[in-house]
2 protein chains.
Amino acid sequence: MLSTMSAETNLSTLSLAILGLIAQKAQSGYDVRKMFSTTPMGHFSSSPGAIYPALKRIESNGWVRGRIDNKKTLRPKLVYKLTKKGQDVLRRHLLQTVTRDDVIWHMDDLMLRFAFMGDVLEREETLRFLKEFVSEVESYLLSLRQYLNEVRESMPLNGKLAMKQGIDSYKMNATWAKGAIKEFERNRRQ
Amino acid sequence: MLSTMSAETNLSTLSLAILGLIAQKAQSGYDVRKMFSTTPMGHFSSSPGAIYPALKRIESNGWVRGRIDNKKTLRPKLVYKLTKKGQDVLRRHLLQTVTRDDVIWHMDDLMLRFAFMGDVLEREETLRFLKEFVSEVESYLLSLRQYLNEVRESMPLNGKLAMKQGIDSYKMNATWAKGAIKEFERNRRQ
DNA sequence: AATTTCATGTAACCAGTTACATGATTCA
DNA sequence: TGAATCATGTAACTGGTTACATGAAATT
């Protein structure tokens, strides 16, 4: 407790989603909810019970600041804007290296991170992310295949097929990321 | 509150995982933890703080019954066995129709359900599951593609690529399920 | 006039995380 | 003998879910 710990770079998936959206454009809780409920962006709850408290937390961390719009009319709207501190936190979060843990437990976070990089990171930094992603995914793939080989004989059909789904899914992710790298490299040369 | 509601078929992902494992073979909380921490089966926390309370809940629902092994020695082991009621609950849960909601929000649950079907369902029932799965996935795929087309112009590269990942992932799932159906149909004829 | 949408919230509940705690047994 | 593993738990915290609540403005 004596050290400052800096920490603060641990966003929950929901917090990251909200912060990322507000980073793109200042908006209200209702706007965020609408985004979650009407677009595929957001495998997230659009329930007010999740979003409004999350916004309060994010604000109390100093990452966004709310300002009431439409003060005159009787339909106020609390619009949140990213602060400098919020920018830093988001940037630092997006820059975190991709770990094996991430690809196993937090794939959705990784995709969310990628989706938000456009506005916040340099192309080079996004490329680094994608390369780390490929490497972690492929390393995990290897261990999945190894495991499957070891237990294949003793595994019932359903188990084998379920494992195949996992392997296929990581294969697809590696392929996707390689394609994304190409896109980014193509774009750079323009 | 007056009606009996039957309900009780809502398993959390963790409860389902635990119940499914115990259905395959009577085992202790520690065994379950080991399974989660040492095999790819289980994108689940192996933390005792999750598993032991979950086991208690499951037991208090009457789905499993614990019995102390090794009473003589000083290293007791609480081994849980599936009850008739637990069998029913599991079976009913696995038989639930695949909804759009499932493929959007609970893909991991669906895979878990599939993995556990081997011991509990008839081949025909598993086939029905897979066919429903394909149909829901493809229907959702359609809407994702539609959405992408609508917003493609206005979307930055990262957004488009992130959406592509989602689409690829559902495509892969549909392909996987079709393959699984073939396997099952091949098996039947033997 | 009634319904839908805009807009923000709270309260009770539930389940999972982290960290801590205990102690026996086995292995190096 | 010390470390790892077996084995089961608890407590405080956190954050998300469901359901409820309110009311203005726009739409039908």
Side-chain angles (χ1 to χ4, degrees), chain A residues 1 5 7-8 10-19 22 26-38 42-61 64 66-80 101 104-106 108-109, chain B residues 1 5 7-8 10-19 22 26-38 42-61 64 66-80 101 104-106 108-109:
Chain A
M1 275 314 190
M5 272 301 278
E8 273 193 4
N10 273 13
L11 291 293
S12 75
T13 308
L14 182 63
S15 299
L16 170 60
I18 294 176
L19 202 59
I22 292 177
Q27 54 194 299
S28 69
Y30 189 79
D31 295 333
V32 171
R33 283 186 69 197
K34 230 177 29 182
M35 183 70 71
F36 288 169
S37 62
T38 63
H43 279 188
F44 300 101
S45 145
S46 61
S47 84
I51 288 172
Y52 290 106
L55 272 168
K56 287 281 162 72
R57 280 196 299 274
I58 293 172
E59 186 175 33
S60 80
N61 284 335
V64 298
R67 163 169 286 160
I68 290 156
D69 225 24
N70 276 351
K71 336 164 209 198
K72 287 292 162 61
T73 73
L74 277 181
R75 172 122 54 117
K77 201 178 162 172
L78 233 181
V79 175
Y80 291 93
D101 237 66
I104 299 180
W105 307 93
H106 307 295
D108 49 345
D109 271 59
Chain B
M1 274 312 190
M5 271 299 279
E8 272 193 5
N10 271 11
L11 290 295
S12 75
T13 308
L14 182 63
S15 300
L16 170 60
I18 294 176
L19 202 60
I22 292 176
Q27 55 195 298
S28 69
Y30 190 78
D31 295 333
V32 171
R33 282 186 69 196
K34 230 176 33 182
M35 182 70 71
F36 288 170
S37 61
T38 64
H43 279 189
F44 300 102
S45 145
S46 60
S47 84
I51 288 173
Y52 290 106
L55 272 168
K56 288 280 161 72
R57 279 196 300 273
I58 293 171
E59 187 176 33
S60 80
N61 285 335
V64 300
R67 163 169 286 161
I68 289 157
D69 225 25
N70 275 351
K71 335 162 210 205
K72 288 289 162 65
T73 73
L74 277 181
R75 169 120 56 114
K77 199 175 161 173
L78 232 182
V79 175
Y80 291 94
D101 236 65
I104 300 181
W105 307 93
H106 308 295
D108 49 344
D109 271 60

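Every chain is numbered from 1 and lettered A, B, ... according to where its sequence line falls, protein lines coming before strand lines. Quick note: numbers below take in every heavy atom, side chains included, and nothing from hydrogens, waters or symmetry partners.
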Asker: Would you mind telling me which of D:dG9, D:dT8, C:dA7 lies closest to the side-chain atoms of B:Y80?
Answerer: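 My answer, after comparing the listed nucleotides, is D:dG9.
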
Asker: Report the distance from atom CG of A:L55 to atom C1' of C:dG9, rounded to the nearest whole Å.
Answerer: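 About 12 Å, once rounded to whole Å.
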
Asker: For A:L16 and D:dG15, give me the distance from atom CG to atom P, rounded to whole Å.
Answerer: 14 Å

Asker: Measuring from B:R67:CZ to B:S28:OG, what's the distance to the nearest 0.5 Å?
Answerer: 15.0 Å

Asker: Can you name the side chain to side chain donor-acceptor pair (under 3.5 Å) partners of A:S47, sequence neighbours left out?
Answerer: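 A:S47: side chain to side chain donor-acceptor pair (under 3.5 Å) contacts with A:S45.
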
Asker: Measuring from A:Y30:OH to A:S46:OG, what's the distance to the nearest 0.5 Å?
Answerer: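 The distance works out to 10.0 Å.
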
Asker: Reckon B:K56 has a side-chain N or O less than 4.0 Å from the OP1 or OP2 of D:dG9?
Answerer: yes

Asker: For the helix from C:dA1-D:dT28 to C:dA28-D:dT1, what angle separates the axis at the start from the axis at the finish, each from five pairs, in steps of 10°?
Answerer: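 It works out to 30° between the end axes.
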
Asker: Run the side chain to side chain contact (heavy atoms under 4.5 Å, CB included) test against A:T13 and tell me which residues pass, sequence neighbours left out.
Answerer: A:F44, A:D108, A:D109, A:L112

Asker: How long is the line joining CG of B:L78 and C1' of D:dA7, in whole Å?
Answerer: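 In whole Å, D:dA7 C1' and B:L78 CG are 10 Å from each other.
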
Asker: For C:dT8, does either OP1 or OP2 sit under 4.0 Å from a side-chain N or O belonging to A:Y52?
Answerer: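 Result: yes.
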
Asker: Between C1' on D:dA4 and CZ on B:R33, what's the gap in Å once rounded to a whole number?
Answerer: 14 Å

Asker: Could you write nucleotides 13-19 of chain C as a row of B, S and -, 5' to 3', where a protein heavy atom under 4.0 Å of any base atom gives B, of only sugar-phosphate atoms gives S, and otherwise -?
Answerer: --SSBB-

Asker: Rounded to the nearest angstrom, tell me the gap between atom CD1 in B:I68 and atom C1' in D:dA7.
Answerer: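 Answer to the nearest Å: 12 Å.
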
Asker: Return the value, rounded to whole Å, for the distance between atom CG of A:D108 and atom P of D:dG16.
Answerer: 12 Å

Asker: Does a side-chain N or O of A:Y30 approach OP1 or OP2 of C:dC6 to a distance below 4.0 Å, or not?
Answerer: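 Yes, within the criterion.
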
Asker: Can you measure A:K34 atom NZ to C:dT4 atom P for me and round it to whole angstrom units?
Answerer: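 About 18 Å, once rounded to whole Å.
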
Asker: Could I get the full list of salt bridge (charged side-chain N to carboxylate O under 4.0 Å, His left out) partners for A:D31, not counting sequence neighbours?
Answerer: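 With sequence neighbours excluded, A:D31 shows a salt bridge (charged side-chain N to carboxylate O under 4.0 Å, His left out) to A:K77, given in chain and number order.
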
Asker: Who are the side chain to side chain contact (heavy atoms under 4.5 Å, CB included) partners of B:L78, not counting sequence neighbours?
Answerer: B:I68, B:Y80

Asker: Could you state the CD-P distance from A:Q27 to C:dT8, rounded to the nearest angstrom?
Answerer: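 The distance from CD of A:Q27 to P of C:dT8 comes to 11 Å, rounded to the nearest Å.
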
Asker: Applying side chain to side chain donor-acceptor pair (under 3.5 Å), name anything that partners A:S12, two or more places apart in sequence or on another chain.
Answerer: A:S15

Asker: Could you list the donor-acceptor pairs under 3.5 angstrom formed by side chains in residues 50-59 of chain A, with sequence neighbours left out?
Answerer:
unit_1: A:E59; atom_1: OE2; unit_2: A:G66; atom_2: N; d: 2.9

